[in-house]
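This one's a predicted model, so the numbers in the text were calculated from it and none came from an experiment.
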Amino acid sequence: MTIENRFNLVDEPWIPVVDAGQVSLRQLFSRPEYRALGGNPVQKIALTKLLLAIAQAACTPEDDDSWTSLQSSGVAGKCLEYLDKWHDRFYLYGEKPFLQMPILDRLIKDEKPKSFGPGFYPDVLSDNSTILNQSQLEGKPGDAGKAVFIITMMNLAFGGKRIHKNIPSLTPNYPGKTVSAKSAPSLGNYVGYLHSYLTGDSIQETIWLNLLTLEKIQDIKIWTSGLGAAPWEEMPSGENCEISRQLKNSYMGCLVAMSRFMLLKDDGIFYIEGIQYPSHKEGWFEPSISLDHGGESVKALWLDVNKKPWRMLTSLLSFLNAGNQKGFDCLQIRLGFQRVKLREKPIGVWSGGLKVRGSSGDQSVKQDDDFIESHVILPAPNLITGQDSKWFSSLSEEMNELDSLSKTVYGATLNYFKNQNMDAKEQGAQASNLFWQLCERRFQDLVNACDDAEQARAMRPVFARFVLKAYDTYCPRDTARQLAAWAKNLPNLSKYLKNPTKEAA
């Protein structure tokens, strides 16, 4: 029986785009006015990786000069040509369904397809899931939602036992198969990696800004197979076949990892572990994650629900400080900045991911775990990368001051309650968190002001008001006893506010 090819990702709308709804791959590479990807942070990461994979397969430049000549319009044109050439490999259903393994239909005979779960997490429902709230109910995605789900699972699937069981390895005598699937490489085995990308004025420009050259791929030296081939051009036949090994050792494996082998079936999905990847401690990494190689072991910049990524901006940009050779390094940002240092218009930095937790080999989202993302627009690189630029040092100084203010809020709130013989570590933490939430509203203004150190310092009264707002919110003064404690522990900000010489922005 011939299987019908239908829902081609090149032609059908399925990619969420801000202000445009869902668009097809052809529309995305034809319309330079599309500003940014939509969806939640993990979907944005997964879709960015897919678009980069298409671009790298279509037109990886030799070096930075070739990259500059290409421009975003050149990348888009090459991608359209590539999609026309490989059009038949982008059907969601058919004899060669996109990034799927038809052999699973023959192997999985005694189990029903897995349910999609709520859809916004890269996970399926457990067979014995306890439903506690509406968000845990089984999702019923359409074809567009299923396409996004498959793309997301390739790089960001949760680790755990929710795979189909008792399915033999697709690679004969493969020793790596276990009852609990390893977490996908872009998520990581712990609480979740923070991913960061440069952003431009449009999706097309963002893809161009993050494109790696053949020269850089070779210089990085961890991908022994170099760029590699996109998996839809030739799909692996098993977990450790020759194609899988080539993908695992190539940059393309960072973009489309194939860490899960899946097949859409009826209203659900067949789902087993795919290619296993090492962790960053074993020498593997993606350019979009941030690592510190300075100690005895490699450290990763993990997600923290209580610390939005914008607060880590100076860590991500530490390479701008010529004297600093330590700390976290995000290749995607650093290599991108090296070649746009003469750019005369602003450039953005997007960072995000999903905070998870593990228990008995399973990863899940519980308690305060959540999606996390920040997007900051930086001044034009030619203004902040020069030797005479004080922007980074000014930003670093102001961020250090904000960090000190958050500790002031915490200490003042804690002492307010101690003076009343009350334990209040939780209130202190909440007051500090409120301070950072208030700061987030004006952080972009601070970034813009840091090209003038006096103007940046002139914004300090704004953040000082946030200290008092957070303190007043958690430290009432309704009774005489409360008023006495409030007055005694009121934060003293005179040193922070000393000599602001310009009008606050």
Stepwise side-chain contact (heavy atoms from CB on, under 4.5 Å) test for I220 and F285: CA-CA 11 Å; I220 293 172; F285 68 90; 3.8 Å; yes
Nearest heavy-atom neighbours spanning G159 and R260: CA-NH2, 4.0 Å
Contact summary for A485 and N419, nearest pair of heavy atoms: CB-CB, 4.2 Å
Under 3.5 Å: donor-acceptor pair, side chain of S389, backbone of T385: no
Side-chain donor or acceptor of N489 paired with backbone N/O of A412 under 3.5 Å: no
Side chain to side chain, T60 and L211, heavy atoms closer than 4.5 Å: no
Value rounded to 0.5 Å, distance of CG in L354 from NE2 in H195: 10.5 Å
Any donor-acceptor N/O pair, Y277 side chain to A257 backbone, under 3.5 Å: yes
Atom of S351, atom of L194 and distance for their closest heavy-atom approach: CB-CD1, 4.0 Å
Minimum side-chain heavy-atom gap V124-F158 below 4.5 Å: no
Donor-acceptor pair, side chain of D362 and main chain of S364, under 3.5 angstrom: no
Other residues, nucleotides, ligands: >12 heavy atoms within 6.0 Å of K469 NZ: no
Backbone N/O of D478 and side chain of Q482: donor-acceptor pair under 3.5 Å: yes
Under 3.5 Å: donor-acceptor pair, side chain of Q444, backbone of R441: no
Evaluation steps, side-chain contact (heavy atoms from CB on, under 4.5 Å), between Q71 and W208: CA-CA 7 Å; Q71 294 293 307; W208 173 65; 3.5 Å; yes
P381 to V340 - nearest heavy-atom pair and separation: CB-O, 3.1 Å
Gap separating the NZ atom of K49 from the NZ atom of K44, nearest 0.5 angstrom: 16.0 Å
Q363 vs R357, side-chain contact (heavy atoms from CB on, under 4.5 Å): CA-CA, chis, key distance, verdict: CA-CA 5 Å; Q363 283 180 316; R357 66 187 63 210; over 6 Å; no
Side-chain donor/acceptor of Y197 to backbone N/O of I207, under 3.5 Å: no
Any donor-acceptor N/O pair, N400 side chain to S396 backbone, under 3.5 Å: yes
Non-hydrogen side-chain atoms of L99 and M262 separated by less than 4.5 Å: no
L335 side chain near P287 side chain, heavy-atom distance below 4.5 Å: no
Donor-acceptor contact below 3.5 Å, side chain T206 vs main chain S202: yes
Distance (rounded to the nearest 0.5 Å) between Q455 CD and D445 CG: 10.0 Å
Pairwise ring-ring contact (aromatic ring centres under 6.0 Å, His included) hits with a residue in residues 332-372, at least two apart: Y121-F371, F319-F337
Rounded distance (nearest 0.5 Å) linking atom CG of L255 with atom CG of L212: 8.0 Å
Exam field: side chain R343 to backbone K345, donor-acceptor pair closer than 3.5 Å: yes
Mutual orientation of the aromatic rings belonging to Y193 and W284 [parallel < 30°, tilted 30-60°, perpendicular > 60°]: tilted
Closest contact, heavy atoms only, G353 versus V42: C-CG1, 4.3 Å
Test salt bridge (charged side-chain N to carboxylate O under 4.0 Å, His left out) applied to E398 and R460, K390, R442, R311, the passing residue: R460
Heavy-atom side-chain proximity of M154 to S186 below 4.5 angstrom: no
Spatial distance of atom OG (S374) from atom CD (E440) [nearest 0.5 Å]: 5.5 Å
Residue list, side-chain hydrogen bond (donor to acceptor under 3.5 Å, both in side chains) with Q427, at least two apart or on another chain: none
Smallest separation among heavy atoms of W14 and A147, with atom names: CE3-CB, 3.6 Å
Option passing ring pair (Phe, Tyr, Trp, His ring centres under 6.0 Å) with F443 (candidates W436, W310, F466, F463): W310
D369 and V191, any side-chain heavy atoms less than 4.5 Å apart: no
Between CG on residue L51 and CG on residue N210, distance to nearest 0.5 Å: 11.0 Å
E33 atom CD, neighbour heavy-atom count above 12 within 6.0 Å: yes
Any R339 side-chain heavy atom under 4.5 Å of T213 side chain: yes
Between N433 and Q437, a side-chain donor and acceptor under 3.5 Å: no
Option from D329, L316, L331 for which side-chain contact (heavy atoms from CB on, under 4.5 Å) with S290 holds: L316
Side-chain touch M399/L402, heavy atoms, less than 4.5 angstrom: yes
Verdict with reasoning, D451 to I384, per side-chain contact (heavy atoms from CB on, under 4.5 Å): CA-CA 8 Å; D451 59 343; I384 64 177; 5.9 Å; no
Qualifying ring-ring contact (aromatic ring centres under 6.0 Å, His included) pairs, either residue in residues 373-432, two or more places apart: none
I372, V365, D370 screened by side-chain contact (heavy atoms from CB on, under 4.5 Å) with K355, the one that passes: I372
Ring geometry between Y251 and W223 (parallel below 30°, tilted from 30 to 60°, perpendicular above 60°): tilted
